[in-house]
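Notes follow once the structure below has been shown.
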Amino acid sequence: MRFYLHFVSFSRKLITFVNMIPEILTDYISAHTAPEPEYLKEISKRTNQRMVNPRMSSGHVQGRFLAFLSKLINPSLVLELGTFSGYSALCLAEGLKNGGEVITIEKNDEYESFIKENLSLSPLGNKVKLLIGEAENILKPPFNLIVENVSERSETFFTNFQLSTLNSQTVTLNSIVENVSERSEQSNNSCTSQIAQYNSIDIAFIDADKRRLLEDYELVLPLMSKGGIIIIDNTLWDGHIADPEYSRDAQTQGIRNFNDFILSDNRIEHILLPVRDGITICKTI
C-alpha cells in the first residue's frame with residue numbers, strides 16, 4: 001500500500017510536469033516553427049525505424065532551435081559530444097562560416113555506419129567530422145583541432161583523408177594532427193591547415209552520458225572562445241530533477257549536480273529553458 005501511494009504521488013507530479021505543454025500545444029508549436037529540410041525529415045524517419053531509442057534525436061523544434069542559434073552566432077568551429085544519428089550535428093552546421101566545421105564525437109562505434117549514411121544525405125555532411133571514441137580521450141590535453149583551409153587543394157586532401165586509417169584504437173585529435181603533418185610533407189606541402197589551439201570553439205553542444213555531465217562540461221569549457229556558447233541538452237530530464245524523492249537514478253543525479261554547480265560558476269552566464277526536455281545555454285565570460 002505504501003509503495004502504491006508513493007507511485008501515485010510520483011505519477012501525478014510527473015504527469016503535471018509533462019502536461020505543462022499539452023500535446024495539442026506541442027503540435028501547434030511544431031506546425032508554426034520553420035520546417036526542417038527534407039534530408040532531416042528522412043534522417044528522423046530512418047532513426048525511428050532503426051534506433052532503439054529514437055527520442056534521443058533532437059527532432060524538429062529542438063533542431064530548428066539549434067540551427068537558429070548557429071545562424072545567430074555564425075561559428076567557425078562547433079564541437080558536439082554525443083552524435084547519435086547525426087541530426088543535431090547537421091542542424092548546427094547550418095550556421096557555419098565559410099570553411100567552418102562541426103566536430104562531433106560519438107562513443108558508440110555501433111552507430112558509426114548509420115551516422116555516416118545520414119550525413120551523406122545532406123549537402124552539409126562534408127562540414128561534419130565524426131570521431132568515434134570517448135570524449136575524455138579524444139579531447140585530452142594538449143588539445144589540437146584541424147580547421148580546414150578553404151583552398152581547393154586543402155578540401156581535396158581532407159576529403160580523401162580517412163580517420164579510420166589511423167593506426168590507433170583511440171583516435172585523438174593530436175594523432176590526427178601528427179598524421180596530417182606527416183601526409184602533408186609527403187604531398188610536398190600541397191595541403192595547408194590551420195591548427196586551432198585552446199579557446200577556439202564557438203559553440204559546444206553536450207548531449208552525452210548524463211552521469212558525467214559535469215566532467216564533460218569541465219572538459220569543454222577551457223576549449224571555448226571568449227563569449228562562446230555551450231548548449232547542454234536534457235537538463236530537465238522528464239521532470240525527475242524536480243522530484244526530491246527521485247534519487248535512485250545516476251543520470252538524474254548527474255544532471256542535478258551539473259544544474260546546481262553552474263549556479264555559482266562565475267566563468268559563465270547561463271539560462272535553463274523549458275525547450276523539449278530542458279536546454280541550458282551557457283555563455284563564457
| task | For the residue pair L213 and N257, establish whether any side-chain heavy-atom pair is separated by less than 4.5 Å. | result | no

| field | Side-chain donor/acceptor of D265 to backbone N/O of R267, under 3.5 Å | value | yes

| With distance as the sole test, does D277 use its side chain to make a donor-acceptor pair with the main-chain N or O of D238 at under 3.5 Å? | yes

| Is the closest side-chain heavy-atom distance between L263 and N259 below 4.5 Å? | no

| For the side-chain contact (heavy atoms from CB on, under 4.5 Å) test, which of V102, L124, V128 pairs with L96? | V102

| query | In this structure, which one of T235, T252, N234 forms a side chain to side chain donor-acceptor pair (under 3.5 Å) with K210? | reply | N234

| Are K116 and E112 close enough for a salt bridge, meaning some N to O gap below 4.0 Å? | yes

| Under a 4.5 Å side-chain heavy-atom rule over Ile, Leu, Val, Met, Phe, Trp and Tyr, are I232 and I285 clustered together? | no

| message | Quick check for you: to the nearest 0.5 Å, what is the distance between N108 atom CG and I132 atom CD1? | response | 8.0 Å

| What is the distance from atom CG of L236 to atom OG1 of T280, rounded to the nearest 0.5 Å? | 7.0 Å

| request: Of all the heavy-atom pairs spanning T47 and S57, show the shortest one and how long it is. | output: CG2-CB, 4.2 Å

| Has I24 got more than 12 heavy atoms of other residues, nucleotides or ligands less than 6.0 Å from its CD1? | no

| field | Contact summary for M224 and T284, nearest pair of heavy atoms | value | CB-CG2, 3.8 Å

| Heavy-atom distance under 4.5 Å between the side chains of F65 and I281, does that happen here? | yes

| Are side-chain heavy atoms of E134 and I105 found at a separation under 4.5 Å? | no

| message | Whether E36 and R64 form a salt bridge (side-chain N of Lys/Arg under 4.0 Å from carboxylate O of Asp/Glu) is what I want to check. | response | no

| request: Determine whether more than 12 heavy atoms belonging to other residues, nucleotides or ligands lie under 6.0 Å from atom NZ of K45. | output: no

| query | Which heavy atom in L66 sits nearest to a heavy atom in S88, and how many Å separate them? | reply | CD1-CB, 3.9 Å

| field | Flag, side chain of D202 to backbone of G228, donor-acceptor distance under 3.5 Å | value | no

| Test item: S225 side-chain N/O and I201 main-chain N/O as donor-acceptor pair under 3.5 Å | yes

| field | Interatomic spacing from CD1 in I206 to CG in D216 - rounded to 0.5 Å | value | 6.0 Å

| request: For V220 and A204, work out which heavy atoms get closest and say how close. | output: CG1-CB, 3.5 Å

| query | With a 4.5 Å heavy-atom cut-off, do S70 and C91 have their side chains touching? | reply | no

| task | Would you check, one step at a time, whether the test side-chain contact (heavy atoms from CB on, under 4.5 Å) holds for L79 with L77? | result | CA-CA 7 Å; L79 174 67; L77 189 58; over 6 Å; no

| query | Are the side chains of L121 and E117 in touch, meaning some heavy atoms are under 4.5 Å apart? | reply | no

| Are side-chain heavy atoms of L221 and I268 found at a separation under 4.5 Å? | yes

| field | Over 12 foreign heavy atoms within 6.0 Å of OH, Y28 | value | no

| According to the salt bridge (Lys or Arg N to Asp or Glu O under 4.0 Å) rule, which pairs have a member within residues 73-82, sequence neighbours left out? | none

| message | Nearest 0.5 angstrom please: M51 CE to S44 OG, how far? | response | 12.0 Å

| field | Nearest-0.5 Å distance, CZ of residue R212 to CG of residue L214 | value | 9.5 Å

| message | If I take atom OG from residue S58 and atom CZ from residue R276, how far apart are they, to the nearest 0.5 angstrom? | response | 6.5 Å

| Worked check of side-chain contact (heavy atoms from CB on, under 4.5 Å) between I115 and T104 | CA-CA 11 Å; I115 294 168; T104 182; 5.7 Å; no

| request: Write down the atom of Y87, the atom of G63, and the distance for their closest heavy-atom approach. | output: CE2-CA, 4.0 Å

| message | Holding to ring pair (Phe, Tyr, Trp, His ring centres under 6.0 Å), I want the full list of residues that pass it with Y217, two or more places apart in sequence or in another chain. | response | F258

| request: Mark yes or no for whether K283, through its side chain, and G227, through its backbone, hold a donor-acceptor pair below 3.5 Å. | output: no

| Counting only heavy atoms not in Q49, do more than 12 fall under 6.0 Å of its CD? | yes

| Sequence neighbours excluded, which residues qualify as ring pair (Phe, Tyr, Trp, His ring centres under 6.0 Å) partners of F84? | Y111

| Backbone of A34 reached by a side-chain donor or acceptor of H60 within 3.5 Å | yes

| task | Could you tell me whether E136 and K107 have a side-chain N and a carboxylate O separated by less than 4.0 Å? | result | no

| query | With distance as the sole test, does R256 use its side chain to make a donor-acceptor pair with the main-chain N or O of I241 at under 3.5 Å? | reply | yes

| Crowding at OH, Y39 (>12 non-hydrogen neighbours, <6.0 Å) | yes

| said: If you define the side chain from C-beta out and look only at heavy atoms, does anything of F205 sit under 4.5 Å from D233? | reply: yes

| Which atom of V61 lies closest to which atom of S30, heavy atoms considered | CG2-CA, 3.8 Å

